[in-house]
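Here's the structure, in structure tokens; my notes come after.
Positions are given from 1 along the sequence.
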Amino acid sequence: MVFTSQQPPGLLWPDYLRKPHPSTDYIQKRYLSHTFARTLERTNVLGDDDEYGHTGCVNALAWAEDGNLLLTAGDDTTVRLWRMDPTADSESDYPFVCRSVIKTGHRANIFNVAMLPHSDRIVTCAGDKQIRVFDAAAALDIQDGLETEFSARELSSRVIRCHKGRVKKLLTEDSPDVFLSLSEDGTVRQHDLRMRHNCREDDCPASLVEMKDSDGDPVELSNISLSCLTPYQFIVVGESPCGYLFDRRQLRRVMEHEWGMVPRTGEVTTCVRRFARPQPPPERREKRRQDHISGCRMSDTNGHEIILSYMKDNIYLFSTTDDPVSNDDMAIRGATVVGPNILKDSRSPSSTSSRQLRALSTTQCGPDEPMTDGAGEIRISEDEGGERPSSDDEEAELEFLFASNFGNEWQYSGVPVVHPRQTYAGHRSRDTVKDVNFLGPFDEYVVSGSDDGNWFVWQKDSGKLHGIYEGDSSVVNVVEGHPSLPLVAVSGIDTTVKLFSPAPGGASAFSRMHRAKEIMESNAKHKPVVRVPLAQLFVHAARMQLFGGEGVDGDEESGVSGSEPSCPTQ
């Protein structure tokens with residue numbers, strides 16, 4: 001399509017997209033923006049043949065080579081390279097086909113894949129705690145014919161073992177050699193492929209971020225993002241009520257390390273802002289589960305807007321330019337680590353009182369710290385407030401116990417806090433870890449997957465729901481817009497990847513907007529299966545004492561299964 005400075009016939013652009021004497025690039029962007037205002041239709045399904053495509057959940061999508069290449073990866077530990085084939089015999093406007101498959105050698109689910117700019121290198125990270133780098137020139141050269149498989153050995157792969165926990169995210173920069181990684185071991189690391197080191201000899205470079213709880217244990221992190229306009233800043237989220245903005249222009253510790261000095265801190269970067277929702281009202285505070293932010297994204301359009309996606313809650317828009325709230329208003333939900341010793345009732349060492357269990361769920365970080373005596377024991381207040389399910393209702397009691405607000409006493413308590421500008425609601429994010437993203441050439445929209453198999457689109461500025469589309473038979477986890485075309489890739493629990501583009505006639509067989517009210521109400525009422533993290537098993541044991549239940553192994557009622565699921569809980 002050739003763009004000119006003249007408005008294409010038949011298109012009536014909204015006023016906010018008009019600009020006197022626009023450049024060709026701006027014309028392209030506002031044309032693309034106008035197309036995203038229309039209803040979308042499912043254009044193609046990648047890998048819908050039983051003998052073709054992924055054989056497990058697709059956890060990662062990444063557009064590369066300016067959108068000419070789509071990388072996909074997931075539970076089958078392979079990376080597939082999809083290109084548009086103009087000669088393909090297909091009715092689709094976007095006939096992407098897979099010609100190359102990389103058998104990565106990972107021993108666990110791949111969580112993220114990326115291509116390093118200005119290079120033929122493809123990088124993956126997975127649940128086996130490894131990062132693998134492939135010189136994929138041979139795989140990229142396959143343009144036609146049947147699928148060709150490449151082993152890690154054939155692509156001269158390099159294995160990086162700096163992390164001690166599952167590696168969840170990769171972050172590329174404008175470099176063929178440098179990238180960042182984030183792990184559940186509580187660290188963010190910068191890797192420079194030009195600098196060799198031995199991971200087995202603990203010779204790894206210093207971490208950019210090391211997040212630990214009050215006991216010194218690593219905090220589980222889930223996502224990271226930066227903007228190409230402000231690459232010296234990045235935001236990190238995980239099991240916390242806050243998103244943390246770091247500035248890496250102050251690399252004091254690197255300099256100290258290189259000169260043989262003892263570093264004064266455990267991190268290279270500086271946390272400069274925290275982003276959090278206002279504290280929920282008291283009647284909701286006790287019942288809410290521990291906060292966890294699964295997705296984050298910084299805007300590439302303006303460099304200051306940030307969206308955070310909370311598990312079991314909504315999506316929120318923040319800005320680094322907004323003023324922080326005052327200390328009196330810094331009511332951030334969080335928790336303090338509660339040791340097992342407090343489960344003992346001093347009046348009856350062999351039992352655990354329901355009042356003590358109820359007290360555990362009210363611990364807060366920030367201004368609402370739990371009251372403790374000199375020995376570190378929780379002091380039970382007579383006015384405990386809030387409602388608690390009746391002990392006669394086993395299911396409600398179990399839900400209450402595991403809704404207890406356990407978590408970590410977070411670092412950076414003195415860092416200013418910014419509250420959100422806008423909220424996006426209606427989807428459901430309870431069962432899996434989901435990304436969140438901007439959509440459109442001006443980041444006009446916010447998009448997210450949902451546990452109901454749909455993916456949602458909201459207008460960024462107003463928060464108004466713009467679209468609901470069926471994207472998966474079970475759960476949608478990833479939504480990635482094409483960098484220059486009106487095209488969106490969606491993946492989740494299914495083994496396929498769905499592509500969406502504007503519907504030619506304005507009608508879409510996969511739009512669910514006509515059922516928007518019903519879907520949103522259902523998502524709001526939905527109660528997920530209770531999943532029990534290992535760190536909270538002692539709470540379950542306490543419940544067994546209170547109510548005389550059976551063991552916990554494979555207990556269907558408690559939600560504890562004998563093995564870890566591969567897809568639903570990334």
Side-chain angles (χ1 to χ4, degrees), residues 36 39-42 45 57-61 72 74-75 111 168 222-223 237 277 288-289 291-297 307-317 420 422-440 444-460 462-481 488-500 508-531 565-570:
F36 274 126
T39 301
L40 303 182
E41 176 66 291
R42 182 185 293 180
V45 179
C57 306
V58 183
N59 306 322
L61 304 174
T72 64
D75 288 3
F111 292 131
K168 302 302 289 290
S222 58
N223 218 319
V237 299
R277 307 163 301 181
R288 294 180 67 113
R289 284 186 171 88
D291 281 307
H292 187 109
I293 304 176
S294 64
C296 64
R297 194 63 61 110
I307 43 177
L308 303 182
S309 177
Y310 282 76
M311 296 288 287
K312 309 176 185 70
D313 195 12
N314 302 326
I315 297 167
Y316 297 86
L317 175 71
Q422 188 57 269
T423 305
Y424 312 97
H427 72 309
R428 188 170 77 235
S429 179
R430 295 174 179 267
D431 298 334
T432 64
V433 174
K434 295 174 187 61
D435 285 342
V436 66
N437 213 337
F438 291 104
L439 183 67
E444 309 95 303
Y445 303 99
V446 172
V447 293
S448 173
S450 178
D451 291 336
D452 59 7
N454 297 313
W455 62 282
F456 286 65
V457 186
W458 297 270
Q459 294 176 3
K460 183 188 69 177
S462 67
K464 181 181 178 181
L465 184 64
H466 181 70
I468 303 177
Y469 302 96
E470 179 187 322
D472 195 278
S473 63
S474 179
V475 176
V476 175
N477 289 325
V478 186
V479 182
E480 286 288 341
V488 182
V490 174
S491 71
I493 301 301
D494 287 348
T495 60
T496 58
V497 177
K498 283 81 171 180
L499 301 182
F500 288 80
S508 170
F510 294 91
S511 173
R512 299 294 177 262
M513 281 297 285
H514 60 285
R515 297 178 49 224
K517 183 178 180 181
E518 173 190 346
I519 291 173
M520 295 172 70
E521 289 178 350
S522 174
N523 286 341
K525 295 177 182 178
H526 179 79
K527 292 187 177 180
V529 176
V530 179
R531 300 184 185 276
S566 60
C567 284
T569 56
Q570 289 184 17

Do N437 and E480 come within less than 4.5 Å of each other through their side chains, counting heavy atoms only? yes
Please evaluate residues D75 and N59 with respect to the criterion side chain to side chain donor-acceptor pair (under 3.5 Å), reporting the C-alpha separation (whole Å), side-chain torsions for both, the decisive distance (0.1 Å), and the verdict. CA-CA 7 Å; D75 288 3; N59 306 322; 2.8 Å; yes
Using 30° and 60° as the class limits, which term best fits the ring planes of F500 and Y469: parallel, tilted or perpendicular? tilted
Could you walk me through whether D452 and S522 satisfy the side-chain contact (heavy atoms from CB on, under 4.5 Å) test, starting with their C-alpha distance in whole Å, then the side-chain angles of each, then the deciding distance to 0.1 Å, before giving a yes or no? CA-CA 9 Å; D452 59 7; S522 174; over 6 Å; no
Does F36 reach the side chain of E444, with side-chain heavy atoms less than 4.5 Å apart? no
So, does N314 use its side chain to make a donor-acceptor pair with the main chain of A425 at under 3.5 Å? no
How far does OG of S511 sit from CG of N454, to the nearest 0.5 angstrom? 9.5 Å
Side chain Y424, main chain K460, donor-acceptor under 3.5 Å: yes
Pick out which of H466, K464, Q459 makes a side-chain hydrogen bond (donor to acceptor under 3.5 Å, both in side chains) with S462. Q459
Would you say the side chain of I307 lies within less than 4.5 Å of the side chain of W458, judging by non-hydrogen atoms? no
Using modelled atom types and a 3.5 Å cut-off, is there a donor and acceptor pairing between side-chain atoms of S309 and backbone atoms of I315? no
Could you tell me whether a side-chain N or O of R515 sits under 3.5 Å from a main-chain N or O of I468, the two making a donor and an acceptor? no
Determine whether C296 and L308 make a side-chain contact, defined as any pair of heavy atoms from C-beta on separated by less than 4.5 Å. yes
Separation between OH of Y310 and CZ of R277, rounded to the nearest 0.5 Å: 5.0 Å
Counting distance only, does the side-chain N/O of D431 pair as donor-acceptor with the main-chain N or O of D451 below 3.5 Å? no
Minimal non-hydrogen separation, S294 against V433, with atom names: CB-CG1, 3.7 Å
Pairwise side-chain contact, T39 with M513, heavy-atom cut-off 4.5 Å (strictly under): no
Got I493 and C57 here, is their nearest side-chain heavy-atom distance under 4.5 Å? yes
Return the CZ to CG distance between R428 and D313, rounded to the nearest 0.5 Å. 14.5 Å
Heavy-atom closest pair, residues R42 and F510: CZ-CE2, 3.2 Å
Evaluate side-chain contact (heavy atoms from CB on, under 4.5 Å) for M520 paired with L465, printing each intermediate quantity in order. CA-CA 10 Å; M520 295 172 70; L465 184 64; 3.7 Å; yes
Mark yes or no for whether D472, through its side chain, and D494, through its backbone, hold a donor-acceptor pair below 3.5 Å. yes
Check: S222 side chain, I293 main-chain N or O, donor-acceptor pair, under 3.5 Å: yes
So do the side chains of V446 and V436 get within less than 4.5 Å of each other, counting heavy atoms only? yes
Assess the residue pair V58 and V478 against the criterion (side-chain contact (heavy atoms from CB on, under 4.5 Å)); give the C-alpha distance rounded to whole Å, side-chain angles, the decisive distance to 0.1 Å, and a yes or no. CA-CA 9 Å; V58 183; V478 186; over 6 Å; no
For a quick test of reading the model, state the closest non-hydrogen atom pair linking N523 to S450 and the distance between them. ND2-OG, 4.0 Å
Looking at S491 and V497, would you say the former's side chain and the latter's main chain have a donor-acceptor pair under 3.5 Å? no
Between K498 and G471, the two heavy atoms sitting closest are CD-O, 3.3 Å
What are the two closest heavy atoms between R297 and F438, and how far apart are they? O-CE1, 3.6 Å
Does a side-chain heavy-atom distance below 4.5 Å link K434 with V475? yes
